[in-house]
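Below: the structure, in structure tokens.
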Amino acid sequence: MDNGWKQNSECVAGFLNFLRDIQTTYSVASQMEIDADNQTQDILHRLELNQDSAADMERMAQALQAIRKTRREAKDSKAKAEPVMRWIKENGRMRASLENMLGELRKVEKRILNRSYTAKTNVLEEILKNRHTETEPSKHPDGFGEFLKLTKEHSGLPVVAMVDGKIAEDKGYWMGRWGNCCIDKYKTLKDGEILLYYDQCASPDIPYLFEQFFDYAECGIQKDMPPARTLEIMKQKIDALDWTEAIFVYIDTPEITEEHMDEKERV
């Protein structure tokens, strides 16, 4: 936006990216701590069971000091990430709601950015009729150009139209407008709801998707299991499901111009 202000969607996206970064940091730190513990045990057992030279024992002592320092740093990183990890675990639905809100914000911001005005008179034509300009190439409205590109590159995929709730809640037919287009995967739940794999995000919300289909205990996921292993099992289970890949077209509500408002008032 102008004057250095951030779009609302940028703020929400920043928070969601922060959550993903924390999950990655926690997983890496957990694995580093495990590796350091294993290395420590290797050195201690060597010192206990072997008769090494003084020089070798000094080398192992120096290495042990560096390993313990690495373990402490990893443990500190985990400690700083744990409050956020608990929040993520306890607020899976809220996180999914934020993802949905991010999609809505991006649609609104794009709609405002592409706002247009329909002239009521021919005054501009009269003013500019003698201007000599090159004819500009025609442009596809909104996301229609991207839709044509995707259908050309992925001609074998089905097309799924995602209709804005403002349209779907009303009866009859409405005139919509082309919104974003993307490649995604989906599954239809028992209640008829459509569940998207990416849902307009860079990476899937693995815990949320897992909870829609599986039980932690039945899949062998325990509370004391390392987070990296937990996410690995979740992703394996989710990816093994029968997802349908498709081209998703988001149908937004059309822009309401002043001309349309006047026509509505006359009716």
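Just the heavy atoms: all of them, side chains too, but no hydrogens, waters or symmetry mates, feed the values below.
The side-chain heavy atoms of R68 and D37, taken from C-beta on, include a pair separated by under 4.5 Å. Using a 4.5 Å heavy-atom threshold, the side chains of Y26 and S30 count as touching. Using a 4.5 Å cut-off on side-chain heavy atoms (C-beta onward), W87 and M94 make contact. When side chains are defined from C-beta on, C182 does not count as touching Y198, because their heavy atoms never get closer than 4.5 Å. You'll find the side chain of F248 reaches within 4.5 Å of the side chain of L196, heavy atoms only. Contact check for I206 versus Y208: no side-chain heavy atoms found under the 4.5 Å cut-off. The shortest distance between side-chain heavy atoms of F210 and C219 falls below 4.5 Å. Put simply, the side chain of I233 reaches to within 4.5 Å of the side chain of M225, judged on heavy atoms.
Between K110 and E104, no side-chain nitrogen of the basic residue sits less than 4.0 Å from a carboxylate oxygen of the acidic one, so the salt-bridge criterion is not met.
Sparse packing is recorded around CD of Q51, with 12 or fewer heavy atoms of other residues, nucleotides or ligands lying under 6.0 Å away. Around the CE atom of M85, the shell of radius 6.0 Å holds more than 12 heavy atoms that belong to other residues, nucleotides or ligands. The environment of K185 atom NZ is dense: over 12 non-hydrogen atoms of other residues, nucleotides or ligands sit within 6.0 angstrom. The number of heavy atoms from other shown groups lying within 6.0 Å of CD (E153) is above 12. The environment of NZ in K187 is crowded: more than 12 heavy-atom neighbours from other residues, nucleotides or ligands sit within 6.0 Å.
Judged purely by distance below 3.5 Å, without hydrogens or angles, the side chains of E211 and Y216 pair a donor atom with an acceptor atom.
The structure places CZ of R59 at 6.5 Å from OG of S53, a figure rounded to the nearest 0.5 Å. The line from CD1 of I34 to CD of Q39 is 12.0 Å long, rounded to the nearest 0.5 Å. How far CD of Q212 is from CG of L189: 6.5 Å, rounded to the nearest 0.5 Å. The distance from the CD1 atom of I67 to the CE atom of M32 is 11.5 Å, given to the nearest 0.5 Å. Here the CE atom belonging to M101 is positioned 8.0 Å from the CG atom belonging to L16, to the nearest 0.5 angstrom. The CG atom of L98 sits 9.5 Å away from atom CZ of R95, with the distance rounded to the nearest 0.5 Å.
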CA sep, side-chain torsions, deciding dist, call: N50, D56, side-chain contact (heavy atoms from CB on, under 4.5 Å): CA-CA 11 Å; N50 291 70; D56 286 344; over 6 Å; no
Steps toward side-chain contact (heavy atoms from CB on, under 4.5 Å) verdict (V249, V159): CA-CA 7 Å; V249 180; V159 177; 3.9 Å; yes
From CA spacing to verdict: side-chain contact (heavy atoms from CB on, under 4.5 Å), I238, W243: CA-CA 9 Å; I238 293 169; W243 295 91; 3.6 Å; yes
Criterion side-chain contact (heavy atoms from CB on, under 4.5 Å) on Y186 and V160, from CA distance to verdict: CA-CA 10 Å; Y186 73 94; V160 177; 4.0 Å; yes
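T151 places a side-chain N or O within donor-acceptor distance of the main-chain N or O of L148, the cut-off being under 3.5 Å. Panel note: side chain D215, backbone A217; a donor-acceptor pair is recorded below 3.5 Å. Checking side-chain atoms of T230 against main-chain N and O of P226 turns up a donor-acceptor pair under 3.5 Å. For the pair E109 (side chain) and Q7 (backbone), a donor-acceptor distance under 3.5 Å is absent. At least one donor-acceptor pair closer than 3.5 Å links the side chain of S27 to the backbone N or O of Q23. Distance alone, capped at 3.5 Å, places no donor-acceptor pair between the E218 side chain and the F214 backbone.
K78 and A29 get closest at one heavy-atom pair: CG-CB, 3.6 Å. The heavy-atom pair separating I88 from L19 by the smallest distance is CD1-O, 3.9 Å. Nearest heavy-atom pair across A161 and I251 is CB-CG1, 4.3 Å. The two residues L209 and Y197 have their closest heavy-atom pair at CD1-O, 3.7 Å. The nearest pair of heavy atoms linking H45 to Q41 is ND1-O, 2.8 Å. Annotation for S9 and L102: closest pair O-CD1, 3.3 Å, computed over non-hydrogen atoms.
A search for ring-ring contact (aromatic ring centres under 6.0 Å, His included) contacts involving F18 returns nothing, not counting sequence neighbours. Annotation: ring-ring contact (aromatic ring centres under 6.0 Å, His included) contacts of F213 (sequence neighbours excluded): none.
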